[in-house]
Number of protein chains: 2
Amino acid sequence: MTEPNNLPSNRSDHASHDESGHEPNGKPFDEAANYSASRYRTPDGAPADIVIFTITSRERGTAKKSLPLRQLEVLLIQRKAWPFQGQWALPGGFSKETETLMDSALRELREETGVADVHIEYYGAYSTPGRDPRGWMISHAFFALVHEHALANRRAADDAADVRLFPIEEALEMNLAFDHREILADALHQIRVKMLTTTIAKSFLPEEFTIGELYQVIEAVVPEFEERNFIRKITSTRSREGIIEEVLDSKGEPKQSNRHSQRAAQLYRFTEYVPRLSIYS
Amino acid sequence: MTEPNNLPSNRSDHASHDESGHEPNGKPFDEAANYSASRYRTPDGAPADIVIFTITSRERGTAKKSLPLRQLEVLLIQRKAWPFQGQWALPGGFSKETETLMDSALRELREETGVADVHIEYYGAYSTPGRDPRGWMISHAFFALVHEHALANRRAADDAADVRLFPIEEALEMNLAFDHREILADALHQIRVKMLTTTIAKSFLPEEFTIGELYQVIEAVVPEFEERNFIRKITSTRSREGIIEEVLDSKGEPKQSNRHSQRAAQLYRFTEYVPRLSIYS
DNA sequence: TTAATAGTGTCTATAAGACAGTATAGA
DNA sequence: TCTATACTGTCTTATAGACACTATTAA
């Protein structure tokens, strides 16, 4: 809550967005011509940074079929230019006057991964003075959830040294450019909360998935998650009824998969329903 | 997801925050001197707008003691100057280079209400091109939760016509300046979700409160809230244990209040504990 | 004595939590 | 036949949800 206020170039406290009732000299502006934003110091850009999460699967080399190891990873790029040249950073880019921040985030995501139709969400602004050596930059943070295979194509096409996936714990220990470590930590906190309170798990799963796969995805994002009777809770408690539903085949029979096990498992899909949570009920 | 890209003044797709791996001519910038943000169009300001919520209490004029009527209200200011002169708007102001967005929101809140120590939270950025006639303005939205008495002092001191509280439904039907109607609607959605999933109710309550008061505050924000056995759920279920606790007097006896009723009610206070919610457990 | 709020008793249905047991089928 | 996953049975305790009932006390 510090409030340094000693630079000559700053806009006064009162000549603001809301001049009404505060204009010190009592002289209202009557028309657009009288308004000049350029009298004041203005930002030097509006960057959008994206934390692109994915969950990678690695088959365990056991004799029998088994569940893959799943790991939460984040896409980082290695900077070629000043500032922070050579350091790893979140992908990002400057927003344009003619687009919304979401537009610019989507553009950046497409450039970085080639995908467009993914879960992407705005979650914060970073404005600490001096955070960017290039000037006054308020950065807008997004996170995106992308399927592993969507990134696999792209990684092969890129210069390998410049764009890479890192396990989340590893990324958090790196010396990232700007305040990207903080932005990344906040993104992780966001998806951990949302993984448990919304149905974003579907962004990491195929359309049709088994209960075991769903459980693994939750675990990959929230390591402390443990629910012994998971299958029963998610499939047969009234309060959660309708979050997921059984998939049936063309004959109306329950559709199953044995991709991870000898015994075939029922396939499910998410519905549109998202339950409302409350600490009071 | 439109992406207009035909203005000459725009920064190119690739000369970005993350130039690495994308610089078309392959020529890296080596030092700060080579970098010039002013080559590109930059924002004309970074305003912060604050949705200041309060809950007003009005005594019902019954013969016996009774619960007050509580209503969720929002503070609006009437603009004196272009643009949107004379229209009602959210209080707000331009952020300075030397402060964070939170600093500028707190400064604005203090100017508007005289209070500083309140719950205030960032919840979004508004960037639709053309949303502000003064130029390229990405607005940062905060909401604040303030006690009624904190605003009462201030309202008396202000020019009465310029600053006022409006019931939330009424405010949503007004022709507000800029895109403030959308910003307000989003704020309302935010506090409705947070009222049920966090302990922000405490921002509208005295330190020590009765179950009836808590219930009323929740109702004022979330009209559809109904919980017949509320007292039992909040005081004697294991999973919610520790959200609130009984207040004891100096002798260690339960402390009670009869401010709203003949029969005295037990006083409670919030603890630090906030339960973690999950759709899967 | 009554109105208005605060709280308890009690019943049924549902859910949580623990953990042992059965089911399946490819290697 | 073994192994890894996918379930189901069963028991105890906790919670949800409904609703009738008692408690308190200033007006």
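In what follows, chains are A, B, ... by sequence order, proteins preceding strands, each numbered from 1. Every value quoted in this text rests on a predicted model; they were computed, and no experiment measured them. For the numbers below, each heavy atom of this structure counts, side chains included, while hydrogens, waters and symmetry mates do not.
- For a distance-only test at 3.5 Å, the side chain of Arg263(B) qualifies as a donor-acceptor partner of the base of dA23(D).
- At a threshold of 4.0 angstrom between heavy atoms, the contacts of Leu67(B) are confined to the sugar-phosphate backbone, with no base atom among them.
- Atom CD1 in Ile279(B) sits roughly 17 Å away from atom C1' in dA16(C) (whole-Å rounding).
- Checking Glu121(A) against His119(A) by side-chain atom types alone, a donor-acceptor pair falls below 3.5 Å.
- Using modelled atom types, one finds a donor on one side chain and an acceptor on the other under 3.5 Å when comparing Asp186(A) with Tyr126(A).
- The aromatic rings of Phe230(A) and Tyr280(B) sit tilted, their planes meeting at an angle between 30° and 60°.
- In this structure a side-chain-to-backbone donor-acceptor pair under 3.5 Å is missing from Arg164(B) to Leu75(B).
- Ranking dA18(C), dG7(C), dA6(C) by closeness to the Arg228(A) side chain, first place goes to dA18(C).
- Atom OH in Tyr280(B) sits about 19 Å away from atom C1' in dA15(C), given to the nearest Å.
- Residues of residues 231-248 of chain A having a heavy atom closer than 4.0 Å to DNA chain C, listed by number: Arg232(A), Lys233(A), Thr237(A), Arg238(A), Ser239(A), Arg240(A).
- Atom CD of Gln256(B) is separated from atom C1' of dA23(D) by 11 Å (rounded to the nearest Å).
- Taking the six-membered ring where the residue is Trp, His149(A) and His147(A) present parallel rings, their angle staying beneath 30° rather than reaching 60°.
- Using a 4.0 Å heavy-atom distance criterion, Arg259(B) is classed as making no nucleic acid contact.
- A perpendicular orientation is assigned to the rings of Phe142(B) and Tyr122(B), their planes being inclined by more than 60° (bins at 30° and 60°).
- For the pair Leu214(B) CG and dA6(C) P, the computed distance is 12 Å after rounding to whole Å.
- Qualifying salt bridge (charged side-chain N to carboxylate O under 4.0 Å, His left out) partners for Arg228(B), counting only residues two or more places apart in sequence or in other chains: Glu226(B).
- In this entry the distance linking CZ of Phe230(B) with P of dA16(D) reads 12 Å, nearest Å.
- Residues Ile211(A) and Ala264(B) each lie close to DNA chain D; by heavy-atom proximity, the contact nearer the 5' end of the strand is made by Ile211(A).
- Atom CZ in Phe209(A) sits about 19 Å away from atom P in dT5(D), given to the nearest Å.
- Each of Ser66(B) and Asn229(B) lies near DNA chain C, and the nucleotide nearest Ser66(B) is the one positioned closer to the 5' end.
- Atom CD in Glu227(B) sits about 8 Å away from atom P in dA16(D), given to the nearest Å.
- One interatomic measurement links the two molecules: CD of Gln262(A) to C1' of dA25(C), which rounds to 6 Å at whole-angstrom precision.
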